[in-house]
Undergrad: 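One structure, pasted below without further comment.
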Protein chains: 2
Amino acid sequence: MATNKNATINDVAAAAGVSRATVSRALAGYGRISKQTVDHVRSVAEGLGYRPNALAVAMRAGKTKTIGLVVISDFTNAFFDRATKSIIDRAKELGFRVLIQHSDEDVAVERVAVETMLSNQVDGIILVPASTTKHSHLTPKKLGGKPVVIIDRMLDIQRFTTVTTGDEVAAKEAVLYAGESGHTNLGFLIAVPGIRGFTSTQPEIPITSVQERVDGFELGVKTAKAKSVWVYSEDKQAIAESAVEKLLDSPKAPTIIFTSNNDMLLAVLKVVGERGLTIGKDISVVSFDDSPWAAAMVPGITVISRPVEELGSIAVTELVEAIEGNTKPKEIVLPASLVIRGSVAKLTKSK
Amino acid sequence: MATNKNATINDVAAAAGVSRATVSRALAGYGRISKQTVDHVRSVAEGLGYRPNALAVAMRAGKTKTIGLVVISDFTNAFFDRATKSIIDRAKELGFRVLIQHSDEDVAVERVAVETMLSNQVDGIILVPASTTKHSHLTPKKLGGKPVVIIDRMLDIQRFTTVTTGDEVAAKEAVLYAGESGHTNLGFLIAVPGIRGFTSTQPEIPITSVQERVDGFELGVKTAKAKSVWVYSEDKQAIAESAVEKLLDSPKAPTIIFTSNNDMLLAVLKVVGERGLTIGKDISVVSFDDSPWAAAMVPGITVISRPVEELGSIAVTELVEAIEGNTKPKEIVLPASLVIRGSVAKLTKSK
DNA sequence: ACGGAATGCGAGAACGGTCTCGCAATTCTC
DNA sequence: GAGAATTGCGAGACCGTTCTCGCATTCCGT
């Protein structure tokens with residue numbers, strides 16, 4: 001069994017009867033070298049199936065053309081898979097590769113992930129931070145000066161470029177839309193990482209994006225002068241379902257339920273369906289984040305859609321810019337928008 | 001602005017007043033070295049925040065502890081995101097990193113992706129091949145002897161370890177279940193990559209997993225002695241919807257529709273919903289691949305569930321085994337199973 | 001007290017590239 | 001036709017590690 005090692009530049013040099021330097025010149029096309037030599041070396045290299053060792057190139061250059069992506073994982077959440085795909089694709093366009101690690105919403109795991117990326121000499125990192133406040137592994141010193149772009153959420157420091165979506169505005173807009181449709185008793189189901197079970201008193205929310213959604217919802221409730229019931233739930237199907245039960249059984253049962261993400265929406269769908277209620281008629285629903293299935297259901301679910309692909313793409317563009325030149329940190333906020341389908345019933349106002 | 005380069009082993013050696021070799025020994029814990037020196041070097045290294053350059057280590061060792069993953073992308077397809085996640089996680093357990101590229105079902109893109117991986121010196125590759133027959137970029141020579149594990153589909157050669165699911169058996173089982181439930185007019189909606197529009201005559205199917213599903217369905221139809229209508233569709237929402245219309249409008253309208261993947265299921269849901277039909281009552285549905293939303297809907301969708309996480313995990317385990325020792329190629333087939341929910345109506349047999 | 005074994009550590013090569021420098025050969029200039 | 005300029009290419013340093021080899025020094029036994 002031939003262990004078929006790939007050809008190195010030395011092999012090419014030997015086969016072509018020239019020095020390593022000449023091979024390098026011929027293939028990269030720089031420096032003083034005759035056309036004949038270039039052609040000769042190139043054909044020899046091709047014949048040998050030579051391909052430069054990216055590791056060696058990176059070591060010499062001090063650049064790897066690789067960016068690290070640390071997401072909290074949970075691909076069930078439609079957001080992160082779409083973001084991941086758009087990041088990989090945009091990176092490819094710009095000539096970068098992507099190394100992916102999951103933090104599972106755990107700061108300790110995130111820390112290790114970042115260290116792994118750094119020891120792999122990534123040129124920069126895109127990070128969905130597990131915590132707003134815990135970022136001692138993200139000091140300039142520990143990062144070795146490598147740029148970082150934060151997406152989806154914000155940190156309590158403004159050291160990095162941040163790409164987020166304007167969830168507060170969109171959340172308020174959604175509530176006002178419900179108000180215009182005649183809904184006055186509103187229910188809210190908010191997924192909060194880190195809590196156990198569910199509760200109706202607002203817990204500490206460790207993630208700015210969720211906080212924004214809550215703020216926007218509250219603002220909407222205030223503006224519309226509506227009544228509201230809130231449940232904050234662990235991000236787990238079974239528990240979220242109990243939370244929905246509680247929402248539906250509360251004294252002033254809401255005619256519409258707003259959910260902070262797709263997983264919560266699924267819980268609503270399940271419980272509501274089991275009770276024999278029809279979406280868009282007996283009960284209304286609005287959820288954060290669009291997905292193919294939310295669009296394909298009948299009636300389609302009215303959602304607050306975030307420009308996820310754009311977010312990922314912009315994050316890469318910004319990061320690469322920071323890698324190649326020195327840029328100042330900026331805060332980029334992309335607009336989220338209400339996509340109206342059929343899941344919100346028009347209530348006849350009984351004034 | 002301090003460009004804060006990360007400390008190298010030379011910095012540590014200088015700071016500790018010893019040679020590079022000694023630092024290496026102290027940190028890796030091998031060779032003849034005094035306990036005092038070890039402690040001293042370690043504390044100095046920690047103080048400097050030293051972390052070995054993985055590139056240099058890899059170059060020296062000839063191993064990168066990285067595996068390449070080439071998937072056809074399409075994260076909307078629930079299969080690939082779950083597979084990707086399980087692969088990353090299992091790789092992490094075994095001390096490997098994962099480099100991801102998408103082929104978009106295009107052999108040319110797949111070829112480039114594989115070459116990129118190889119030039120990045122991955123230790124092995126996990127591949128979802130875009131084509132059964134076109135694999136000239138996967139010769140032992142081009143691969144430089146690096147092992148490859150094929151998942152989800154098979155090639156027409158048996159050079160590589162393959163991890164797939166037993167879709168034929170499961171497809172047949174699903175059809176028989178429908179027969180037992182009283183269905184005799186069966187509809188099939190098959191997504192075929194590479195075709196345009198939709199057709200009712202069977203086109204060439206470039207992917208073994210889809211072929212298996214078709215074979216299994218056909219076997220079931222034969223065994224159950226049922227009538228069947230088939231539509232083969234491009235994998236695009238709008239077109240799939242037209243295909244569903246055609247299925248429902250065919251002379252012998254089916255009472256149940258089988259779909260070859262989740263995207264097709266969504267098309268069925270949409271059209272059926274728009275026609276005011278109720279799933280599990282007016283029309284029945286069975287789909288390949290489980291998903292959170294298929295489970296959360298009411299009624300839940302009866303699906304043929306494939307052990308995707310297990311598949312990914314096994315693929316990594318096999319690949320790492322091949323990387324570390326020399327193993328023979330094997331064909332691993334994991335069982336897919338029918339998950340019965342409420343989307344198949346029990347028909348009273350009118351004999 | 002002296003030879004041999006054990007111990008601790010440094011020098012230097014190697015991995016596979018890139019790139020600067022300098023040398024020889026050719027061409028140009030008047 | 002002699003000196004200068006240009007051209008083409010090789011030698012060797014370097015990136016950050018690991019690891020083999022060999023050299024001092026200490027330790028032990030007799």
Side-chain angles (χ1 to χ4, degrees), chain A residues 3 5-42 44-45 48-66 116 118-123 144-146, chain B residues 3 5-42 44-45 48-66 116 118-123 144-146:
Chain A
T3 314
K5 277 278 177 197
N6 264 329
T8 73
I9 199 171
N10 280 308
D11 301 331
V12 178
V18 296
S19 72
R20 294 199 313 276
T22 300
V23 175
S24 191
R25 270 188 286 253
L27 298 178
Y30 73 93
R32 300 188 304 226
I33 187 170
S34 77
K35 224 177 187 82
Q36 301 173 29
T37 315
V38 170
D39 293 344
H40 176 224
V41 169
R42 287 204 174 154
V44 169
L48 261 58
Y50 169 73
R51 189 177 322 289
N53 181 328
L55 259 53
V57 174
M59 240 189 87
R60 181 73 231 268
K63 302 208 166 229
T64 51
K65 286 284 191 176
T66 301
T116 301
L118 291 174
S119 100
N120 276 276
Q121 312 299 114
V122 295
D123 294 336
K146 299 276 169 66
Chain B
T3 313
K5 278 277 175 196
N6 264 329
T8 73
I9 200 172
N10 278 308
D11 301 331
V12 177
V18 296
S19 72
R20 293 196 316 274
T22 300
V23 174
S24 191
R25 270 188 285 254
L27 298 178
Y30 73 93
R32 298 186 307 226
I33 186 170
S34 78
K35 227 181 185 82
Q36 301 173 27
T37 314
V38 170
D39 293 344
H40 176 226
V41 169
R42 288 204 173 153
V44 169
L48 262 57
Y50 170 72
R51 189 176 323 289
N53 180 329
L55 258 54
V57 173
M59 237 190 88
R60 181 74 233 266
K63 303 207 166 232
T64 52
K65 286 284 192 177
T66 301
T116 301
L118 291 174
S119 99
N120 277 276
Q121 311 300 113
V122 295
D123 294 336
K146 299 276 169 63

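Lettering follows sequence order; numbering is per chain, from 1.
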Undergrad: Separation of Y30(B) atom OH from dT20(D) atom P, in whole Å?
TA: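 It is 8 Å, rounded to the nearest whole Å.
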Undergrad: Could you pull out the closest heavy-atom pair between P52(A) and V57(A), with the gap in Å?
TA: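 Looking at all heavy atoms of both residues, the closest pair is CB-CG2, 4.3 Å.
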Undergrad: Round to the nearest Å and state the distance from M59(B) atom CE to dA13(C) atom P.
TA: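 Rounding to the nearest Å, CE of M59(B) and P of dA13(C) are 16 Å apart.
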Undergrad: Can you tell me how far P of dG17(C) sits from NZ of K63(A), to the nearest Å?
TA: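 Taking atom P of dG17(C) as the reference, NZ of K63(A) is at 21 Å.
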Undergrad: Looking only at side-chain N and O atoms, does T8(B) come under 4.0 Å of OP1 or OP2 in dC15(D)?
TA: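 No, no such contact exists.
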Undergrad: Report, one line per pair, each donor and acceptor closer than 3.5 Å where one atom sits in a side chain of residues 26-34 of chain B; sequence neighbours left out.
TA:
unit_1, atom_1, unit_2, atom_2, d
S34(B), OG, T37(B), N, 3.2
S34(B), OG, T37(B), OG1, 2.6

Undergrad: Could you tell me which residues satisfy side-chain hydrogen bond (donor to acceptor under 3.5 Å, both in side chains) with N53(A), sequence neighbours excluded, listed by chain and number?
TA: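 N53(A) satisfies side-chain hydrogen bond (donor to acceptor under 3.5 Å, both in side chains) with no other residue.
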Undergrad: Looking at T22(A), I'd like to know whether one of its side-chain N or O atoms comes within less than 4.0 Å of OP1 or OP2 on dG10(D).
TA: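 For dG10(D), OP1/OP2 do have a side-chain N/O of T22(A) under 4.0 Å.
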Undergrad: Taking OP1 and OP2 of dT7(D), is either one under 4.0 Å from a side-chain nitrogen or oxygen of S34(A)?
TA: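 Checking S34(A) against dT7(D): no side-chain N or O falls below 4.0 Å of OP1 or OP2.
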Undergrad: Nearest of dT17(D), dG16(C), dG10(D) to any side-chain atom of I9(A)?
TA: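 Selected nucleotide: dG16(C).
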Undergrad: Considering residues at least two apart in sequence or located in another chain, which fulfil the side-chain contact (heavy atoms from CB on, under 4.5 Å) criterion with A14(A)?
TA: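 Counting only residues at least two positions away or on another chain, A14(A) forms no side-chain contact (heavy atoms from CB on, under 4.5 Å).
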Undergrad: For the pair T64(B) (side chain) and Q121(B) (backbone), establish whether a donor and an acceptor sit closer than 3.5 Å, ignoring hydrogens and angles.
TA: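 Yes: the side chain of T64(B) pairs with the backbone of Q121(B).
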Undergrad: Is the phosphate of dC9(C), meaning OP1 or OP2, less than 4.0 Å from a side-chain N or O of T37(B)?
TA: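 Affirmative; the distance criterion is met.
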Undergrad: Quick one: L27(B) CG to dC19(D) P, roughly how many Å, whole number?
TA: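 Nearest whole value for this atom pair: 13 Å.
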Undergrad: As a quick check of understanding, evaluate side chain to side chain contact (heavy atoms under 4.5 Å, CB included) for K146(A) and L118(A), giving each step before the final call.
TA: CA-CA 8 Å; K146(A) 299 276 169 66; L118(A) 291 174; 4.2 Å; yes
Undergrad: Using whole Å, what does the distance between atom P of nucleotide dC15(D) and atom CG of N10(B) come to?
TA: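 Whole-Å distance recorded here is 8 Å.
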Undergrad: Quick one: side chain to side chain donor-acceptor pair (under 3.5 Å) pairs with a partner in residues 12-26 of chain A, sequence neighbours left out?
TA: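 As it turns out, the side chain to side chain donor-acceptor pair (under 3.5 Å) pairs with a partner in residues 12-26 of chain A, which skip direct neighbours, are S19(A)-T22(A).
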Undergrad: Write down the distance between CG (N120(A)) and P (dG16(D)), rounded to a whole number of angstrom.
TA: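 Rounding to the nearest Å, CG of N120(A) and P of dG16(D) are 16 Å apart.
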Undergrad: Would you tell me if any nitrogen or oxygen in the side chain of Y50(B) comes within less than 4.0 Å of OP1 or OP2 on dG16(D)?
TA: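 For dG16(D), neither OP1 nor OP2 has a side-chain N or O of Y50(B) closer than 4.0 Å.
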Undergrad: Atom CG of L55(B) to atom C1' of dC15(D): distance rounded to whole Å?
TA: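 Between C1' of dC15(D) and CG of L55(B): 10 Å.
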Undergrad: Sequence neighbours excluded, which residues qualify as side-chain contact (heavy atoms from CB on, under 4.5 Å) partners of D11(B)?
TA: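 Scan of D11(B) (side-chain contact (heavy atoms from CB on, under 4.5 Å), adjacent residues dropped) gives A7(B), T8(B), L48(B).
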Undergrad: Go nucleotide by nucleotide along DNA chain D from the 5' end; which of R20(B) and V38(A) gets its closest nucleotide reached first?
TA: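 Looking at the nearest nucleotide for each, V38(A) comes out on the 5' side.
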Undergrad: Give the rounded distance in Å between these two atoms: CG of D11(B) and P of dC15(D).
TA: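 Distance check: D11(B) CG to dC15(D) P gives 11 Å.
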Undergrad: For each nucleotide in nucleotides 21-26 of chain C, reading 5' to 3', give B when a protein heavy atom comes within less than 4.0 Å of its base, S when such contact involves only the sugar-phosphate, and - otherwise.
TA: -B----
Undergrad: Looking at the side chain of P52(B), which of dT17(D), dC15(D), dC15(C) is the nearest nucleotide?
TA: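 Selected nucleotide (nearest to the side chain): dT17(D).
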Undergrad: Mapping R51(A) and G17(B) onto DNA chain C by nearest heavy atom, which one lands closer to the 5' end?
TA: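 Here G17(B) is the residue nearer the 5' end.
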Undergrad: Where each residue is assigned the nucleotide of DNA chain C containing its nearest heavy atom, which of A21(B) and A56(B) is assigned the position nearer the 5′ end?
TA: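 So the residue in question is A21(B).
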